[in-house]
Amino acid sequence: MVKIGVITGSTRDARVNKQVSEYILEKAKHVEGAEFELVDIKEYDLPMFNEAMPPAMANMNYDKDETTRWSEKIDSLDGFVFVTPEYNNAITPSLKNAIDYIGPEWGNKAAGIVGYGSTLGVAATLNLRAILSNINVATVAPVGGFSLFTDFEEMSTFRPSEIHNPTIQAVLETTVAWSKGLKSIRA
Ligand SMILES: Cc1cc2nc3c(=O)[nH]c(=O)nc-3n(C[C@H](O)[C@H](O)[C@H](O)COP(=O)(O)O)c2cc1C
């Protein structure tokens, strides 16, 4: 059994992210071999990164309580599904900030990515892949991509087409399989 966090990718009050993340969590209930939980970066309320040491050198000892709380949550997980919108062809500053906050807690784990935006979040997904590769997170090949035009009503209420089901299933199942594999190298 592996533990997988569905990580939200947006913190603005009017975000659609929570709807998409909760939908992914619901789909994940039918995937065997893993426990999924929602990890909402908004709840961790991380200010702009201001630790004294770069996370790669901090040895998981942090100045601030909010960093330790975030570190312990990510450290407790075996893998992740990032649900990311696209802001100016990239992930949001809040998601990048949350990733930057800590280092080894992410490492040697697997991740799936589900993007959304006017162009299915493709640029944000590629941006996130490059970032995650730098902290030893292995991203699986299947990628979810929802359209603001066809998977949302008035770009605000999530009504996903069923056409995405096989891809989302593949994202979740491959993330679980890779998370199990990578758990063995962390032992
Ligand atoms: C600052 C900003 C930049 C954006 N840039 C893009 C973009 O480059 N490509 C895109 O497809 N959508 C872009 N969008 C549209 C967002 O994908 C859309 O607003 C989405 O709902 C944002 O996710 P959220 O509501 O969960 O925060 C942008 C939105 C914002 C607020």
Side-chain angles (χ1 to χ4, degrees), residues 4-31 36-50 66-67 69-70 73-74 77 79-102 105-106 109-135 137 139-172 174-175:
I4 310 287
V6 176
I7 314 261
T8 60
S10 170
T11 53
R12 71 192 181 101
D13 290 342
R15 65 186 172 164
V16 299
N17 190 282
K18 200 81 184 289
Q19 298 176 61
V20 185
S21 298
E22 282 170 353
Y23 173 84
I24 296 299
L25 192 64
E26 189 60 34
K27 291 279 177 200
K29 282 186 185 163
H30 308 291
V31 176
F36 286 81
E37 66 177 273
L38 190 68
V39 179
D40 187 359
I41 59 171
K42 191 174 173 73
E43 281 179 17
Y44 287 81
D45 203 18
L46 299 166
M48 284 303 282
F49 179 75
N50 190 20
E66 64 262 26
T67 314
R69 185 169 164 250
W70 177 235
K73 172 48 68 184
I74 297 305
L77 298 167
F80 317 101
V81 176
F82 289 89
V83 180
T84 180
E86 182 166 316
Y87 283 12
N88 290 323
N89 286 359
I91 61 171
T92 63
S94 52
L95 179 56
K96 180 63 163 57
N97 192 47
I99 292 170
D100 288 348
Y101 247 85
I102 53 177
E105 297 88 336
W106 297 112
K109 296 179 181 175
I113 303 175
V114 175
Y116 58 91
S118 11
T119 50
L120 313 182
V122 171
T125 293
L126 294 176
N127 175 233
L128 182 55
R129 270 214 167 120
I131 293 163
L132 294 176
S133 72
N134 202 52
I135 47 174
V137 176
T139 53
V140 303
V143 163
F146 294 105
S147 165
L148 277 181
F149 302 116
T150 56
D151 293 306
F152 292 81
E153 282 173 14
E154 297 178 1
M155 295 192 180
S156 59
T157 304
F158 191 44
R159 298 260 187 265
S161 162
E162 291 195 356
I163 203 166
H164 299 289
N165 284 349
T167 310
I168 297 303
Q169 190 74 11
V171 171
L172 296 170
T174 316
T175 301

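On a predicted model such as this, the values are computed, not experimentally measured, just so you know. Just so you know, ligand 1 is whichever comes first in the structure, and atom 1 is the first atom listed for that ligand.
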>> If the criterion is any heavy atom closer than 4.0 Å to an atom of ligand 1, which residues make the list?
In response: S10, R12, R15, V16, N17, P85, E86, Y87, N88, N89, Y116, G117, S118, T119, L148
>> If we ignore hydrogens and angles and just use 3.5 Å, is the side chain of K109 paired with the main-chain N or O of L77 as donor and acceptor?
In response: yes
> What residues, two or more places apart in sequence or in another chain, satisfy side chain to side chain contact (heavy atoms under 4.5 Å, CB included) together with Q19?
Replying inline: V16, T157, F158
>> Tell me every residue that passes side chain to side chain contact (heavy atoms under 4.5 Å, CB included) with P47, counting only those two or more places apart in sequence or in another chain.
In response: E66, Y101
>> Minimum heavy-atom separation for S133 and A130, please, with both atom names.
In response: OG-O, 2.7 Å
> side chain to side chain donor-acceptor pair (under 3.5 Å): which pairs involve residues 37-48, sequence neighbours left out?
Replying inline: T8-D40, D13-K42, R15-D40, E37-K73
>> Let me confirm one number: the NZ-CG distance from K27 to L25, rounded to the nearest 0.5 Å.
In response: 12.5 Å
